[in-house]
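A short write-up of the structure that comes next.
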Protein chains: 2
Amino acid sequence: MKEKFFALPKQKQNAIINAGYRVFSQNSYKKSPMSEIAGEAGISKSLLFHYFHNKQELYLFLWDNCAKLTIKYLTEYKCYEQTDLFEMMYRGMKAKMRIMNQYPNMGSFVIKAFYERDPEISLAIQNSYKSYKAFKSDNILASIDTTQFAEGIDVKMMYREMTLASEGYLWEMQRKGAVDVEKMEKDFTEMLNFWKKLYLRKEGEK
Amino acid sequence: MKEKFFALPKQKQNAIINAGYRVFSQNSYKKSPMSEIAGEAGISKSLLFHYFHNKQELYLFLWDNCAKLTIKYLTEYKCYEQTDLFEMMYRGMKAKMRIMNQYPNMGSFVIKAFYERDPEISLAIQNSYKSYKAFKSDNILASIDTTQFAEGIDVKMMYREMTLASEGYLWEMQRKGAVDVEKMEKDFTEMLNFWKKLYLRKEGEK
DNA sequence: ATAATACTTGACCGATTTGGTCAACGGAGG
DNA sequence: CCTCCGTTGACCAAATCGGTCAAGTATTAT
């Protein structure tokens with residue numbers, strides 16, 4: 001029955017998808033009512049069941065959509081092809097913001113889904129997560145040019161620090177609700193500049 | 001009826017409290033079943049109702065407990081009486097870890113409670129939050145000695161950066177479940193040292 | 001040993017919610 | 001007029017929820 005869903009105008013599709021992410025990210029799988037999703041998407045429950053056989057199918061579709069989109073945008077923004085660490089982080093952030101803008105609750109959904117214990121879905125989640133993880137290289141720092149940093153900098157700590165702060169920032173924004181991409185872009189650029197000034201080898205230095 | 005609860009051995013009290021934090025932090029107020037809390041605490045639902053008249057009373061008790069504990073430990077660790085920024089952050093982290101160790105899900109509970117919209121409780125939440133916020137001074141940096149930092153450092157950015165990274169770290173730990181205080185203490189000390197090396201005025205400098 | 005007291009529970013109730021179905025409505029096109 | 005097709009409200013059986021209560025089981029007092 002899912003062809004019916006794909007035949008919908010993109011806007012309506014996204015309304016449904018976002019309603020799903022919102023509800024599933026705030027309640028456990030079992031306690032997320034289809035009626036609430038339908039209502040939030042502006043359609044009747046019956047119609048929702050017309051697009052997806054049952055709750056499980058909707059949930060797993062949403063889950064698949066996460067992996068697909070993430071991979072798509074990370075690739076599109078070429079953030080794993082960079083040798084400049086700051087450029088890589090900037091592109092990664094751009095990709096994440098791009099997704100957050102379209103699907104504000106996808107991030108929370110992913111985390112909740114990962115820890116979902118309901119036997120009806122947990123197996124599928126865990127399996128498909130493996131294939132996603134295979135995409136991300138485990139040692140991101142390997143391809144980075146480390147000669148650009150000032151002497152005496154613990155590169156690993158620096159990277160970890162920046163990652164944590166970025167995540168903390170994203171989380172703070174998400175929590176506050178309204179995702180304002182422009183502000184986020186500005187804030188993050190500011191942070192990047194702060195880091196560059198701090199970590200980059202000064203001009204004229206050795 | 002709450003005297004009955006306080007008469008319990010501390011261990012049993014904490015089992016109930018933690019069960020409450022866990023369930024309420026993972027579901028909305030309305031969809032958090034008393035039966036699940038009771039079961040997780042290792043007592044029967046009837047007994048839970050023997051300690052707390054109804055769900056609302058339990059919920060608001062848990063909420064109150066958050067504010068009380070937070071204020072208690074922040075005061076006890078004297079983290080707002082410091083002039084050294086790193087010492088202040090260290091003490092703040094210690095206080096938070098102290099709480100996380102005893103009530104691993106309190107943090108998530110607070111956030112969820114703050115955004116709870118159920119009319120049965122949201123009013124009480126918002127009101128009591130105001131009194132808590134009055135405790136935290138709004139300009140933490142005011143009492144900090146800024147002469148200790150290297151020249152050219154944007155102190156505000158630096159502080160924001162450190163705060164975000166700390167929060168990101170705490171969140172990561174929380175998400176991974178098992179809260180290992182020793183490891184957290186070690187990790188955070190490492191981060192602090194990294195920051196000190198980075199931000200503190202070098203010896204002999206002006 | 002017995003009675004009074006406190007602790008704890010399973011069974012139960014009425015109200016509500018849930019996933020899912022289905023007959024029917026309404027509009028577009030032939 | 002008929003026939004699709006997107007859409008819906010009404011409906012159902014099953015499950016769940018907050019809360020109660022009588023009864024069971026320790027514990028203590030006498």
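All chains are named by letter (A, B, ...) in the order of the sequence lines, taking the proteins before the strands, and each is independently numbered beginning at 1.
- With sequence neighbours left out, Q13(A) forms a side chain to side chain contact (heavy atoms under 4.5 Å, CB included) with F5(A), F6(A), L8(A), K10(A).
- Contacts of K31(A) with the nucleic acid, taken as non-hydrogen atoms under 4.0 Å apart, involve only primed sugar atoms and P, OP1 or OP2.
- The pair R91(B)-E76(B) fails the salt-bridge criterion, with no side-chain N (NZ, NE, NH1 or NH2) lying under 4.0 Å from an Asp/Glu carboxylate O.
- Comparing L8(B) and E36(A) by the nucleotide of DNA chain C whose heavy atom lies nearest to each, the residue mapping closer to the 5' end is L8(B).
- Along DNA chain C, read 5' to 3', the first and last nucleotides having any atom under 4.0 Å from a heavy atom of chain A are dT18(C) to dC22(C).
- Checking L47(A) against P33(B), the closest nucleotide of DNA chain D that is more toward the 5' end is the one next to L47(A).
- Checked against side chain to side chain contact (heavy atoms under 4.5 Å, CB included), K96(B) has the following partners two or more places apart in sequence or in another chain: L170(B).
- Here the rule is side chain to side chain donor-acceptor pair (under 3.5 Å) with Y103(B), and of N65(B), N14(B), N18(B) only N14(B) fits it.
- Between K176(A) and E172(A) a salt bridge is recorded (basic side-chain N to carboxylate O distance below 4.0 Å).
- Protein chain A contacts DNA chain D over a range whose 5' and 3' limits, counting nucleotides with an atom under 4.0 angstrom from a non-hydrogen atom, are dG6(D) to dC17(D).
- Residue contacts shown for K30(B) are limited to sugar-phosphate atoms, with no base heavy atom under 4.0 Å away.
- Residues passing the ring pair (Phe, Tyr, Trp, His ring centres under 6.0 Å) test with W171(A) are W171(B), sequence neighbours excluded.
- Judged as a salt bridge (charged side-chain N to carboxylate O under 4.0 Å, His left out), and not counting sequence neighbours, K156(B) has no contacts.
- When Y29(A), Y115(A), Y59(A) are each tested for a ring pair (Phe, Tyr, Trp, His ring centres under 6.0 Å) with F109(A), only one passes: Y59(A).
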